[in-house]
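Structure record follows, encoded as structure tokens.
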Number of protein chains: 2
Amino acid sequence: MNCEVISIGDELLIGQTVNTNASWIGMQLNLIGFDVNYGVVIPDDKSAILNALKISSERSDLVVVTGGLGPTKDDITKHTLCEFFQTTLELNHEIEDDIITYFSARGLPILQTNRDQALLPKNCKILNNSKGTASGMWFDKEQTVFISLPGVPYEMKAIMLEEVLPNLRSSNSNASQLINKTVKTHGMGESFLAEIIKDWEEGLSDDKIKLAYLPSPGIVKLRLTISGSKKERLNQKLDYHIDKLKALIPKQIFGLEKDTMEAVVGNLLIEASSTVSTAESCTGGSVAKLLTSISGSSAYFNGSVVTYSNKSKEELLNVDSMLIEKEGAVSQKVVEKMAKQVRNIFHSDFGVSTSGIAGPGGGSIEKPVGTVWIAVASKNKVVSKKLNLGYSRERNIHVSALSALNLLRLELVNN
Amino acid sequence: MNCEVISIGDELLIGQTVNTNASWIGMQLNLIGFDVNYGVVIPDDKSAILNALKISSERSDLVVVTGGLGPTKDDITKHTLCEFFQTTLELNHEIEDDIITYFSARGLPILQTNRDQALLPKNCKILNNSKGTASGMWFDKEQTVFISLPGVPYEMKAIMLEEVLPNLRSSNSNASQLINKTVKTHGMGESFLAEIIKDWEEGLSDDKIKLAYLPSPGIVKLRLTISGSKKERLNQKLDYHIDKLKALIPKQIFGLEKDTMEAVVGNLLIEASSTVSTAESCTGGSVAKLLTSISGSSAYFNGSVVTYSNKSKEELLNVDSMLIEKEGAVSQKVVEKMAKQVRNIFHSDFGVSTSGIAGPGGGSIEKPVGTVWIAVASKNKVVSKKLNLGYSRERNIHVSALSALNLLRLELVNN
């Protein structure tokens, strides 16, 4: 099965937007065993679209087209598709009703341009968009399947996940399968990790498993890939090696697949019937933001104080001004006091705190940019840790927040 | 001048690597007035490369090819280029010396695969790589220029900046230029915006300016594009229309080009020598996180409380429990009280607050998911606003945080 991804949009060609849609679609198709052989980016221009569709129909079995389906004038894809597939637009009453519901649910008036999104090509199968008003379209033309999706990433992803992939997967069920499993680690850089798991990595070749290191700030993902025809057997092999890895680096592994640190910590808090609150300085609310990104987090997250100034550390958290003066705001004693106090103020089982120098300003020889203290207080105990991070503000804030959650995770796991 | 960017690499097609190279090259070419009309991604495969080169030579004047020039076996580009340009490889002694110097300077042994990088096509102009050992190549074939570059981003960028762009710039000094300006708006969906600025949009055609709507959660960017030969005159035309737009939707426009809401608000606070603190419920720390993402924000950000539970609203913000019971936590009165109180607690000039139902749980018929109240308190005044957002938790949190900052921005601009 030869697949091709066509991305429509001037903004992609001039580099104003990075083409993450094409990467994501390529990854999804690859995961269900489809070969992606071509990626094409073209401008919002009728002849360019027609030309690309023509070339793709000659060389590909499946063509996914994104972009150009919004309500405004600069979108010309739908009319061009009609020309290519020799059809016309007709009003789809079901979709029109959905659009009306979408707008009235938000208390917004409906414009003609919104209604026009229910005008769809006659000879296509309509793909439902659960996140917006631009429907996806599925065309069969001779031996090629064409799928047209909006360019807005979360709408495109919703239609792919809910409509396109399940359909493609069932049509491709007899082919050799590619199975990936991903192990997520925190707290150790890529090269250190590679050194520690060297022998384990060598053992993977016995089962023809490929390993990829996928580092991002604060997290290294390890992706194991295996292919073959018997799904169950392949999964067993992957699980066997993942179990061995877990024994090797138990502190570093916080989850599998799509697990996030904040979801893992949230589940552990629910299991322990415990609550948490945070006192943040350098992370500026990022720990709270991560925790509350999880739906249902109000069951365990009581609240947070972001004490950016020393005065607020004194007034809101009752940290002694003498202590701050003597030790500095970025110090073990201050961060431990912050954790204890925020636990008390919010009547929580756990208090989590951060204090550090996110940069780029504020560093000294003794405490350079990237020096961060984190702490977790529970009923009878306070644990704390010093991090030495780098020079990027964004990265320092993010990695500090992740590290604070991991410290809480280890407390929850060990108790 | 029609330009095309060809990216070679399996990792791009299966989404393991996002194609940032193509975006960067597109942006650089666009900045010096070249139109990028096609982007193509193909696998490390001889026939795919030959086929793409053939198509590009028929439709483009300039073709930039990246990828496939490293020392390992999977790179086949160089041999394929020789076939396409009907030439053979020859050892370039100057480049060989550079490679030897490169390795000995790093105290590394030289492998044959490294030496082989000095084997280069006879009929190309060699482009020096100051950051690595894979040279770039410049081919002239009939009316088309082909440039082949390594795929490693910092090597590719070095050759582009040091060798390719200066050359192209001088060859294109009389050609027409393409200039983009982007206006960033908040608070109005794409279709409403289009309706309100319809007449203005029609007026753009007088100056041959193209308009594109680029929506993302909470923000619609409007990109204006003009081309011609006199840069100053083109900029004047764009500025003229942007000024008219500003008069039309003054509340919605928060910035231009790379401006972010949080940076714009930060600058306004600095100009006004004012400070801010936030009391967040449904946004869970996101407003604080946005504000503190800006380096130097400690000059105006005093701190935040995230009062997720009703109890914490009462205890930390002194919101009367009777008021919460009567009006509900998601109400105008409660959110206004929160803003006033957090302004007092942190001794700030402005207090910003949010309270809403982020979802997916917690909604009712009266207050469905996506109902959010935001408020801004200043010395003698409190303003508040009700938002009706959608069903996605992540989006609701993000758009609420942006809206709260925009409400603060409008207060800062109007005072």
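Sequence lines set the chain letters: A, B, ... in the order given, protein chains first and strands last, and positions in each chain run from 1. Note that this is a predicted model, so its numbers are computed, not measured.
Interface residue A/Ser297: backbone and side-chain heavy atoms are both found under 4.5 Å from chain B. With a 4.5 Å cut-off on non-hydrogen atoms, B/Leu316 touches chain A through its side chain but not through its backbone. For B/Leu389, the part sitting under 4.5 Å from any heavy atom of chain A is the backbone (N, CA, C, O) and nothing else. Of the atoms belonging to B/Pro217, it is side-chain heavy atoms, and not backbone ones, that fall under 4.5 Å from chain A. Proximity to chain A (any heavy atom under 4.5 Å) is shown, for B/Thr371, by neither the backbone nor the side chain. For chain A, the nearby part of B/Ile294 is the backbone; its heavy atoms alone come within less than 4.5 Å. With a threshold of 4.5 angstrom between heavy atoms, B/Asp10 does not approach chain A through any atom at all. In this structure, the portion of A/Ala212 lying under 4.5 Å from any heavy atom of chain B is its side chain and not its backbone. In this structure, the portion of B/Lys311 lying under 4.5 Å from any heavy atom of chain A is its side chain and not its backbone. A/Tyr102 does not touch chain B: none of its heavy atoms, backbone or side chain, sits under 4.5 Å away. Contacts of B/Ile14 with chain A are made by both backbone and side-chain atoms, with heavy-atom separations under 4.5 Å. Looking at A/Glu394, there are no atoms closer than 4.5 Å to chain B (heavy atoms on both sides), in backbone or side chain.
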Requested in this report: Check step by step if side chain to side chain contact (heavy atoms under 4.5 Å, CB included) holds for A/Glu315 and B/His347.
Outcome: CA-CA 11 Å; A/Glu315 292 186 3; B/His347 317 289; 2.8 Å; yes
Query raised in the report: Between B/Asn37 and A/Asp45, does a side chain to side chain contact (heavy atoms under 4.5 Å, CB included) hold up when you go through it step by step?
Result: CA-CA 10 Å; B/Asn37 293 312; A/Asp45 170 85; over 6 Å; no
Query raised in the report: Under the side chain to side chain contact (heavy atoms under 4.5 Å, CB included) criterion, do B/Thr182 and A/Gln16 qualify, and how do the steps go?
Result: CA-CA 10 Å; B/Thr182 303; A/Gln16 194 165 35; 2.9 Å; yes
**Report entry** side chain to side chain contact (heavy atoms under 4.5 Å, CB included) evaluation trace for B/Arg395 with A/Lys131
**Finding:** CA-CA 11 Å; B/Arg395 195 184 162 100; A/Lys131 305 278 181 191; over 6 Å; no
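When each of B/Pro368, B/Ala279, B/Pro360 is scored by its heavy-atom pairs under 4.5 Å with chain A, the top score falls to B/Pro360. Between chain A and the residues B/Glu280, B/Arg223, B/Glu195, the largest count of heavy-atom pairs under 4.5 Å involves B/Arg223. Of the listed residues (B/Ser286, B/Pro215, B/Ser277, B/Ala358), the one with the most heavy-atom contacts under 4.5 Å to chain A is B/Ser286. The candidate with the highest count of non-hydrogen atom pairs below 4.5 Å against chain B, out of A/Gly361, A/Ser7, A/Ala52, A/Ser298, is A/Ser298. The greatest number of non-hydrogen atom pairs below 4.5 Å with chain B, out of A/Ser295, A/Gly303, A/Gly359, A/Gly362, is found for A/Ser295. With chain A as the partner, the residue from B/Ala288, B/Gly15, B/Gly39, B/Gly26 showing the most heavy-atom pairs under 4.5 Å is B/Gly39. No other option in A/Val305, A/Val41, A/Val287 has as many heavy-atom pairs under 4.5 Å with chain B as A/Val41. Note on A/Val36, A/Thr283, A/Ile397: by heavy-atom pairs under 4.5 Å with chain B, the leading option is A/Val36. When the candidates A/Ile42, A/Asn302, A/Asn19 are compared by the number of heavy-atom contacts under 4.5 Å with chain B, A/Asn302 comes out ahead. Options A/Ala105, A/Pro109, A/Ser309 differ in how many heavy-atom pairs under 4.5 Å they form with chain B, and the most are formed by A/Pro109.
For the atom pair OG1 of A/Thr113 and NZ of B/Lys198, the computed distance is 9.0 Å after rounding to the nearest 0.5 Å. Between B/Asn51 atom CG and A/Tyr38 atom OH the span is 4.5 Å, to the nearest 0.5 Å.
The shortest non-hydrogen separation linking A/Ser293 to B/Arg393 is O-NE, 3.3 Å. Closest approach of B/Arg59 to A/Ile55, counting heavy atoms only: NH1-CD1, 4.1 Å. Scanning both residues, B/Ser23 and A/Val18, for their nearest heavy atoms gives OG-CA, 3.5 Å. In plain terms, the two heavy atoms of A/Gly285 and B/Lys289 that are nearest each other are C-CB, 4.5 Å.
Heavy atoms from other residues, nucleotides or ligands lying under 6.0 Å from NZ of A/Lys221 number 12 at most. Counting non-hydrogen atoms of other residues, nucleotides and ligands closer than 6.0 Å to CD of A/Gln112 gives a total above 12. Sparse packing is recorded around NZ of B/Lys210, with 12 or fewer heavy atoms of other residues, nucleotides or ligands lying under 6.0 Å away.
Considering A/Ile110, A/Asn114, A/Leu108 as possible partners of B/Ser191, the one that fulfils the side chain to side chain contact (heavy atoms under 4.5 Å, CB included) test is A/Asn114.
Taking the six-membered ring where tryptophan is involved, the planes of A/Tyr308 and B/Phe301 are perpendicular, since the angle between them exceeds 60° and thus also 30°.
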